[in-house]
Amino acid sequence: MISKKTVFQSFFFLFSVISLFIFRETSFLYGQNNSPEHSVLSWQKKSVTQWEEILKASLSETQARPDLQLQWYAAYALGQYGQDAKSAVNTLISRAQVDMGQDDYVRAATLRSLGQIQDVTAIPVLVAELESPYRAILRNAAWALGNFNAQAMADDRVIPALEKLLTHEDPPTRAQAAAALWKIAKNDHALETLLKMIQSRKSYEIYESVHVIQEIAPLLNEKRATFAKMLTARLSSKDSDTSRACVEALCALGTDALTSVKTALETQKDPMIRMRMISILATVTADSEWEFFLNILNHPEETNMVKIAALRALKNPPDESRQSVREILVRIINDENSPQNLVREATETLKTL
């Protein structure tokens, strides 16, 4: 006779397997599946023609339609081929015009891929989708138009349609519309929208604006210093995703972030925020600034957390600073009062010199 314990164990095992399957399938649904068969490079396993055939089958009234997961992946894969997939543009456009409701993530993927392929025949379709009632469609259509840069202005509906989205209730939609406007026409209203979002009290709005700033950072030109100052002020955000996004955006701004970050570091007391600032400076600092990290290591009141960040920043110093770095590293390693985590980091840094 089968015991209750055996039945329970069997049920638990079956439940675990089913849960794992649902998790993996749901993750793939949103493009996050990490299994070998759906790895980042698996789109290369089929040609442009083969992926296009899957989308064509989804439009056919006589063929069996591929499931939505496969359709989504076919649309995504064609975008990865970029301009080499221009032959599939008409098929992507046809699939983008099939409205299956707000949960049709395949349409969103086709719009994004049209932006990656950058065939101008897609611009009218993308502009039309800026009137969609679905947020995912709006975001991806705006992003795709931004990829066309000034070419998108060939359609005189583009700028008014994107400007209208700057007041949309959905923060990601506003942010993507602003980024597209800046790429296409260096539109001042776009930057005003992003600056306003950075100053929001809602971490979600801040995160979305920072995310697109990272993308358009090389195009901000003389506006970089202004954004650097605003982003530096947000490094203290309690939301970890937002603070990490600020770090990445400030790194993308390059040397234009130096002044605001160094100035803020002088008065910042929180070790975690100081560590973030050090990581930014390590990315954007010019050769002439490396003494700054040495001074941090020599400071007796600096926390170990911040000193470790400074040590990591010293793994590739300019030639003229290498000897000074070696001397400080050896001193840390030989100091019996140095914490073990600091000694380990100093040892690893020394190996790179």
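What's counted below: heavy atoms across the whole structure, side chains too, no hydrogens, waters or symmetry copies. Along the sequence shown, residues carry numbers from 1.
- Summarising the geometry, atom CG belonging to Leu114 is positioned 5.0 Å from atom CG belonging to Leu92; distances are rounded to the nearest 0.5 Å.
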query: Where do Leu265 and Leu281 land on the side chain to side chain contact (heavy atoms under 4.5 Å, CB included) test, with the steps shown first?
result: CA-CA 10 Å; Leu265 189 61; Leu281 294 175; 4.0 Å; yes
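- For the atom pair CD1 (Ile273) and CD (Gln268), the distance works out to 4.0 Å, reported to the nearest 0.5 Å.
- Side-chain contact between Asp155 and Leu145: absent, with no pair of heavy atoms (C-beta onward) separated by less than 4.5 Å.
- Checking side-chain atoms of Arg276 against main-chain N and O of Leu235 turns up a donor-acceptor pair under 3.5 Å.
- A distance-only check finds no donor-acceptor pair linking the side chain of Gln80 to the backbone of Trp43 [under 3.5 Å].
- With Ser132 contributing its side chain and Ile137 its backbone, the two residues share no donor-acceptor pair below 3.5 Å.
- Surrounding CE of Met272 are at most 12 heavy atoms belonging to other residues, nucleotides or ligands under 6.0 Å away.
- Note that the CE atom of Met277 and the CG atom of Asp270 stand 9.0 Å from one another [nearest 0.5 Å].
- Taking both residues in full, the closest heavy atoms of Ser200 and Ile206 are given as O-CD1, 3.2 Å, listed atom of the first, atom of the second, then distance.
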task: Go through the steps to decide whether Val212 and Gln176 satisfy the test side chain to side chain contact (heavy atoms under 4.5 Å, CB included), and finish with yes or no.
output: CA-CA 7 Å; Val212 300; Gln176 289 296 342; 3.8 Å; yes
field: Derivation and outcome, side chain to side chain contact (heavy atoms under 4.5 Å, CB included), residues Val261 and Val284
entry: CA-CA 10 Å; Val261 175; Val284 304; over 6 Å; no
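- A side-chain N or O of Asn187 and one of Glu163 form a donor-acceptor pair less than 3.5 Å apart.
- The aromatic rings of His211 and Tyr207 lie parallel to each other, their planes meeting at an angle below 30°, with 60° marking the opposite boundary.
- At a threshold of 4.5 Å between side-chain heavy atoms, the hydrophobic network of Ile, Leu, Val, Met, Phe, Trp and Tyr places Leu350 and Val325 in one connected group.
- Counting heavy atoms from C-beta outward, Trp143 and Asn147 have side chains that approach closer than 4.5 Å.
- Proximity of a side-chain donor or acceptor of Trp182 to a complementary backbone N or O of Leu219 within less than 3.5 Å is detected.
- With salt bridges taken as basic N to acidic carboxylate O contacts below 4.0 Å, one links Lys164 and Glu131.
- In this structure a side-chain-to-backbone donor-acceptor pair under 3.5 Å is present from Ser58 to Leu55.
- Checked by atom type and distance alone, the side chain of Arg234 pairs as donor or acceptor with a backbone atom of Ile198 at under 3.5 Å.
- In this structure, the side chain of Glu248 does not engage the main chain of Ala245 through any donor-acceptor pair within 3.5 Å.
- Nearest approach of Ala228 to Ala257, heavy atoms of both residues: CB-CA, 3.9 Å.
- Here the SG-CD distance, from Cys246 to Gln214, works out to 10.0 Å after rounding to the nearest 0.5 Å.
- Across all non-hydrogen atoms, the minimal contact from Ser203 to Thr242 is O-OG1, 3.4 Å.
- The backbone N or O of Ser260 sits nowhere less than 3.5 Å from a side-chain atom of Thr263 that would complete a donor-acceptor pair.
- Of the possible polar contacts, none joining the Ser338 side chain to the Asn334 backbone as a donor-acceptor pair under 3.5 Å is found.
- Note on Ile280: it clusters hydrophobically with Phe292, by side-chain heavy-atom contacts below 4.5 Å among ILVMFWY residues.
- Of all heavy-atom pairs between Met197 and Ser209, the closest is CB-CB, 3.6 Å.
- Test Ile213, Val210, Leu231 against Leu250 for side chain to side chain contact (heavy atoms under 4.5 Å, CB included) and you get one pass: Leu231.
- Rounded to the nearest 0.5 Å, atoms CG (Leu68) and OH (Tyr105) are 4.5 Å apart.
- Using a 4.5 Å heavy-atom threshold, the side chains of Val158 and Met153 count as separate.
- With contacts defined as side-chain heavy-atom distances shorter than 4.5 Å, the pair Leu181/Leu166 qualifies.
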Under 3.5 Å, side-chain donor or acceptor atoms of residues 294-309 against the rest of the protein: list the pairs with distances, not counting sequence neighbours.
unit_1 : atom_1 : unit_2 : atom_2 : d
Asn295 : ND2    : Glu291 : O      : 3.3
Asn298 : OD1    : Arg331 : NH1    : 2.9
Asn298 : OD1    : Arg331 : NH2    : 3.1
Asn298 : ND2    : Leu294 : O      : 3.2
His299 : ND1    : Glu301 : N      : 3.1
Glu302 : OE1    : Arg274 : NH2    : 2.6
Glu302 : OE2    : Arg274 : NE     : 3.2
Thr303 : OG1    : Val306 : N      : 3.4
Lys307 : NZ     : His299 : O      : 3.3

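- The two atoms that bring Pro218 and Asn221 nearest to each other are O-OD1, 3.9 Å, heavy atoms only.
- Under 3.5 Å, the side chains of Thr62 and Ser60 contain a donor-acceptor pair of N or O atoms.
- Remark: side-chain polar atoms of Asp335 are paired, donor with acceptor, to backbone N or O of Asn337 under 3.5 angstrom.
- At a threshold of 4.5 Å between non-hydrogen side-chain atoms, the residues Thr347 and Ile332 do not count as touching.
- At a threshold of 4.5 Å between non-hydrogen side-chain atoms, the residues Asn149 and Gln151 do not count as touching.
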- request: Tell me, with the steps shown, if Arg312 and Glu348 meet salt bridge (Lys or Arg N to Asp or Glu O under 4.0 Å).
  value: CA-CA 9 Å; Arg312 291 171 181 170; Glu348 288 301 312; over 6 Å; no
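- In this structure, the side chains of Leu311 and Leu329 come closer than 4.5 Å at one or more pairs of heavy atoms.
- Residues Lys183 and Glu215 are paired through a salt bridge, judged by an N-O separation under 4.0 Å between the basic side chain and the carboxylate.
- When each of Arg224, Lys229, Lys223 is tested with Asp256 by the rule side-chain hydrogen bond (donor to acceptor under 3.5 Å, both in side chains), just one qualifies, namely Arg224.
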task: With ring pair (Phe, Tyr, Trp, His ring centres under 6.0 Å) as the test, would you mind laying out the steps for Tyr81 and Trp51 before giving the verdict?
output: CA-CA 11 Å; Tyr81 274 105; Trp51 287 122; 8.3 Å; no
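- Asp239 and Ser237 share no side-chain donor-acceptor pair at under 3.5 Å.
- Residue Tyr204 is not grouped with residue Leu194 when hydrophobic side chains (ILVMFWY) are merged at heavy-atom distances under 4.5 angstrom, including chains of intermediate members.
- Ile123 has its side chain within reach of Phe148: a pair of non-hydrogen atoms, C-beta onward, lies under 4.5 Å apart.
- With respect to the salt-bridge test (charged N to carboxylate O, under 4.0 angstrom), the residues Arg174 and Glu169 do not qualify.
- Across every non-hydrogen atom of Leu162 and Ala142, the tightest pair is CD2-CB, 4.0 Å.
- Under the 4.5 Å side-chain heavy-atom criterion for grouping Ile, Leu, Val, Met, Phe, Trp and Tyr, Val48 is connected to Ile93 within one hydrophobic cluster.
- If you chain together hydrophobic residues whose side chains sit under 4.5 Å apart, Tyr76 and Ile54 fall into the same group.
- Under a cut-off of 6.0 angstrom, the local environment of NZ in Lys186 is crowded, with over 12 non-hydrogen atoms contributed by other residues, nucleotides or ligands.
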query: Between Thr167 and Thr193, is a side chain to side chain contact (heavy atoms under 4.5 Å, CB included) present by the stated rule, with each step listed?
result: CA-CA 8 Å; Thr167 56; Thr193 297; over 6 Å; no
